[in-house]
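To keep things clear, I will list the structure first and then write my remarks on it.
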There are 2 protein chains.
Amino acid sequence: MKTSQESLWLENQLCFPLYAVSRMVTKLYTPFLEKLDITYPQYLVLLVLWKEDQITVSDISEQLYLESNTLTPLLKRMEKKELICRERSKEDERKVVIALTRKGQELQKEAECVPTSIIEQFKSDDVKANEVVELKLTLNKLLNMFDRKLSEKTV
Amino acid sequence: MKTSQESLWLENQLCFPLYAVSRMVTKLYTPFLEKLDITYPQYLVLLVLWKEDQITVSDISEQLYLESNTLTPLLKRMEKKELICRERSKEDERKVVIALTRKGQELQKEAECVPTSIIEQFKSDDVKANEVVELKLTLNKLLNMFDRKLSEKTV
DNA sequence: TGTGATTATATCGTGTACGATGTAAAATTC
DNA sequence: GAATTTTACATCGTACACGATATAATCACA
């Protein structure tokens, strides 16, 4: 049984390795994304748009769990780089439709090598492939759980 | 076998749930930390200091994997809140020693309930306790691996 | 049909993160 | 022991995150 003091040790926390690994993985992407002149959150937006183009800000918001206060400035920066277009919907003037430009579409080909390059760096003697698979499964379960909790609170 | 297109789908990425869950867990802490008038990274600094007081900025940097460009302003804000003292070391004028104030020490008692409150929220029908343990183990392995890689590059 | 509630996005302020660079003290080298 | 290198922090600029709030368009319904 852990004492209440011990429960406050950094090495006993789950949250800390989650926070630290997340930042380190983002750093892994940086050299690859720099070549494409994009940041990691911008890459995530592109992943969403490459799957489905011409979607609203709130569609992106739902998929990435980022609010408009984060997305609006981020999307404006992507517009300035001419990766996307932002346009008010005709049917519903509240909505803003995000569409890939030619440049944004063409970036997909250049990005196709990124995922395997990253996975490569996860391989090591200590961390087996099946552990990484388990990690991803558990994280996705947690994500869905937190997602449900959030929507329950709104209702 | 995944196509190169499919490898760019958000749901096939490992990095994304890592990034999203990390942010969500930080949000879980917010209501608890707000009562203590601290942020999540400030809480991490306190965790380090509660274990070992009177350490240098680079000691904290090593444990949290945060550089001085992040820590210096963060520690200054904590100094303004009178949680810590920042003082140049007499032996080595380059070093800055961080020490808890009385207020910073006393905050520990109030924080002791936080870890269990958070763990409580991880429990769910979908995510079993042993999965959370596995998650933590794998994340720590990855953290150590990336840590080694970083130090190799410096050498 | 008007009017209050809801929705979709934007703005503002604060606090991280982090690459690049600066600076002064200490260590190393010649 | 002076010059060079390294170390320990600090500063600067840019880009997220996010709580709180604003605003305009749409919806709901009395």
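Lettering follows sequence order; numbering is per chain, from 1.
Each of B/Glu93 and B/Leu66 lies near DNA chain C, and the nucleotide nearest B/Leu66 is the one positioned closer to the 5' end.
No hydrogens or angles considered: nothing links the side chains of A/Ser89 and A/Asp92 as a donor-acceptor pair under 3.5 Å.
B/Tyr40 has its ring centre less than 6.0 Å from the ring centre of A/Tyr19.
Counting non-hydrogen atoms of neighbouring residues, nucleotides and ligands closer than 6.0 angstrom, the NZ atom of B/Lys95 reaches no more than 12 such neighbours. When the shell of 6.0 Å around CD of A/Glu106 is examined, it contains more than 12 heavy atoms from other residues, nucleotides or ligands.
The pair A/Glu79-A/Arg86 counts as a salt bridge, with a side-chain nitrogen and a carboxylate oxygen less than 4.0 angstrom apart. The residues B/Arg148 and A/Asp126 are annotated as salt-bridged, a charged nitrogen and a carboxylate oxygen being separated by less than 4.0 angstrom.
Heavy atoms of A/Glu91 sit under 4.0 angstrom from primed sugar atoms or phosphate atoms, though from no base atom.
The side chain to side chain contact (heavy atoms under 4.5 Å, CB included) search around A/Glu134 returns A/Leu137, not counting sequence neighbours.
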query: Where along nucleotides 8-16 of chain D does protein come under 4.0 Å, by heavy atom, of base (B) or sugar-phosphate alone (S), with - for untouched nucleotides?
result: SBBBB--SS

task: Determine, stepwise, if the pair A/Asp37 / A/Lys103 fulfils salt bridge (charged side-chain N to carboxylate O under 4.0 Å, His left out).
output: CA-CA 12 Å; A/Asp37 188 32; A/Lys103 189 180 165 191; 5.7 Å; no

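Taking every nucleotide of DNA chain C with any atom under 4.0 Å from a non-hydrogen atom of chain B, the first and last of them, 5' to 3', are C/dG15 to C/dA26.
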